[in-house]
Amino acid sequence: MNNLRYYINKALNEHFALGAINFNNMESLQGIKNACKNLSSPAIISVSEGALSYMGDDFVMALSSACKKEYPYLFLHLDHGKSFEVCKKAVDLGFDSVMIDGSALPFEENIKLTKQVCDYAHQKDVLVEGELGQIKGIEDNVSSDFEHFTNPQSAKEFVEKTGVDTLAIAIGTSHGAYKYKGEQTLRFDILEKIESILPNFPLVLHGASTVDEYLVNQINQFGGNLTHAIGIPKALLQKAVKEHNIIKINTDTDLRLAMTAQVRKVLEEKPEEFDPRKYLGPGREEITKVVEDKILNIFFSKDKI
Ligand code: G3H
Ligand code: 13P
Ligand code: ZN
């Protein structure tokens, strides 16, 4: 069996997670694919609205199908779709799943929009992720200044009324490279309440990059300026996967750091270099290392194909 629903159920039963890893160009996608293939791990390859318009629909579909041809255990997902129209477009293009992010809307409007997407996507057997609560952080096209933790009782009502297949929750993770000012914690108490009200329901964590110090240091050493960058501690993510129903872990920032760290290093160490393959290639390899580490130590998805 090789479809996303199968792997979501398997992850739920066996307590591992599908990495939902964002790509923005060919090298990042190849880096992800190589890591998954090396370790026989299934994964979700995610495209944000920003990434979709950066690469273009045809290039996204061509890159994804080239990847799947070589390694078929990768599932194409729309990340943070903000409207029915963009979700419909992704469904029609042949994505495996879409996220409709109505988290900034009032509760009833979020339900209405999410249900509209589910009704359309499910006819074509495409899975839908909804979001309840608000995950803070800023990236190009995904941003919120607010953090509203998910209300467990509302989560049950949301799932029942919309028919979503998975639910993204807010328990203290955030998007980007600057995740904490104070203590690095997650609200496991809220997660537990959600799980008791929605038993055995597949949950999703966004904003789950670990922002490893060695990559931040390398970027800074070679001319970057990332001060106070800080991520989610690995141990918290491990607990979320091993002891809870988190079956999808979204990661983008760590890959951006990996690529940037290598590009900066090569260009600084070899100022005479101007062949993009000579710096994007090492960036691709660093992405593979980062994703392999996550497969082994956070997603626990090695040999799960
Ligand atoms: O969750 C957001 C993703 O990291 C996408 O960010 O809108 O800058 O592509 P982006
Ligand atoms: P990070 O910024 O922590 O990598 O989160 C990415 C994400 O949630 C994509 O949807
Ligand atoms: Zn996200």
Could you tell me whether [X] atom [atom1] has more than 12 heavy atoms of other residues or ligands within 6.0 Å of it?
X: F274; atom1: CZ; result: no
X: K115; atom1: NZ; result: no
X: K239; atom1: NZ; result: yes
X: F59; atom1: CZ; result: no
X: E273; atom1: CD; result: yes
X: D189; atom1: CG; result: yes
X: K68; atom1: NZ; result: yes

Quick one about [Y] and [X] (side-chain donor to acceptor, distance below 3.5 Å, no hydrogens or angles considered), yes or no?
X: N25; Y: S28; result: yes
X: D92; Y: Y120; result: yes
X: H80; Y: E49; result: no
X: S301; Y: S41; result: yes
X: N200; Y: N245; result: no
X: K248; Y: N250; result: yes

Check [X] against [Y] and note the closest heavy-atom contact, atom names and distance.
X: A258; Y: V290; value: CB-CG2, 3.8 Å
X: L226; Y: N220; value: N-OD1, 2.8 Å
X: Q134; Y: S103; value: OE1-O, 3.6 Å
X: V126; Y: H122; value: O-CD2, 3.3 Å
X: F84; Y: V117; value: CD1-CG2, 3.9 Å
X: V164; Y: E129; value: CG1-C, 4.3 Å

**Study point:** T210 and D254: CA distance, side-chain angles, deciding distance, side chain to side chain donor-acceptor pair (under 3.5 Å) verdict
**Key:** CA-CA 7 Å; T210 50; D254 285 345; 3.1 Å; yes
Donor-acceptor contact below 3.5 Å, side chain [X] vs main chain [Y]:
X: D165; Y: V128; result: yes
X: T288; Y: G31; result: yes
X: T114; Y: I111; result: no
X: T150; Y: A170; result: yes
X: N2; Y: P72; result: yes
X: T173; Y: H206; result: yes
X: D293; Y: K289; result: no
X: Q218; Y: A261; result: yes
X: Q184; Y: G231; result: yes
X: K193; Y: P152; result: no

Rounded to the nearest 0.5 Å, what's the gap from [atom1] on [X] to [atom2] on [Y]? Could you check?
X: M61; Y: M55; atom1: CE; atom2: CE; answer: 11.5 Å
X: T253; Y: L215; atom1: OG1; atom2: CG; answer: 11.5 Å
X: K234; Y: N297; atom1: NZ; atom2: CG; answer: 5.0 Å
X: S46; Y: L78; atom1: OG; atom2: CG; answer: 8.5 Å
X: F222; Y: T260; atom1: CZ; atom2: OG1; answer: 13.5 Å
X: N151; Y: E157; atom1: CG; atom2: CD; answer: 9.5 Å

Practice item. Could you give me the CA-CA distance, side-chain angles and deciding distance for D303 and L39, then say whether side-chain contact (heavy atoms from CB on, under 4.5 Å) is met? Key: CA-CA 6 Å; D303 293 331; L39 295 176; over 6 Å; no
Path from [X] to [Y] over hydrophobic side-chain contacts below 4.5 Å:
X: M259; Y: V216; result: no
X: Y178; Y: I135; result: no
X: F23; Y: V204; result: no
X: M99; Y: I246; result: no
X: Y214; Y: L237; result: no

Heavy atoms, side chains only, cut-off 4.5 Å: are [X] and [Y] in contact?
X: E14; Y: K304; result: yes
X: Y73; Y: K37; result: no
X: I249; Y: L18; result: no
X: L191; Y: L186; result: no
X: N110; Y: F158; result: yes
X: Y279; Y: K265; result: no
X: V211; Y: L257; result: yes

**Study point:** side chain to side chain donor-acceptor pair (under 3.5 Å) between N38 and E292, worked out
**Key:** CA-CA 8 Å; N38 291 345; E292 283 181 351; 2.7 Å; yes
Point to revise | Face-on cation placement of K10 at F16 ring, 6.0 Å and 45° thresholds | key: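 Because its charged atom misses either the 6.0 Å distance or the 45° angle limit, K10 does not stack over F16.
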**Study point:** D96 bridged to R5 by N-O distance under 4.0 Å
**Key:**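 Between R5 and D96 there is no salt bridge, as every charged N stays at least 4.0 Å from the carboxylate O atoms.
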Review point. Would K270 and D275 pass as an ion pair if we require N to O under 4.0 Å?
Key: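 Salt bridge between K270 and D275, a charged N being under 4.0 Å from a carboxylate O: no.
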Practice item. Flag the pair F75 / Y7 as yes when their ring centroid distance falls below 6.0 Å, and as no otherwise. Key: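 When the ring centroids of F75 and Y7 are compared, they turn out to be within the sub-6.0 Å range.
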Check your understanding: Please walk me through it: do E160 and K156 pass salt bridge (charged side-chain N to carboxylate O under 4.0 Å, His left out)?
Key -> CA-CA 6 Å; E160 285 171 356; K156 182 176 162 64; 2.9 Å; yes
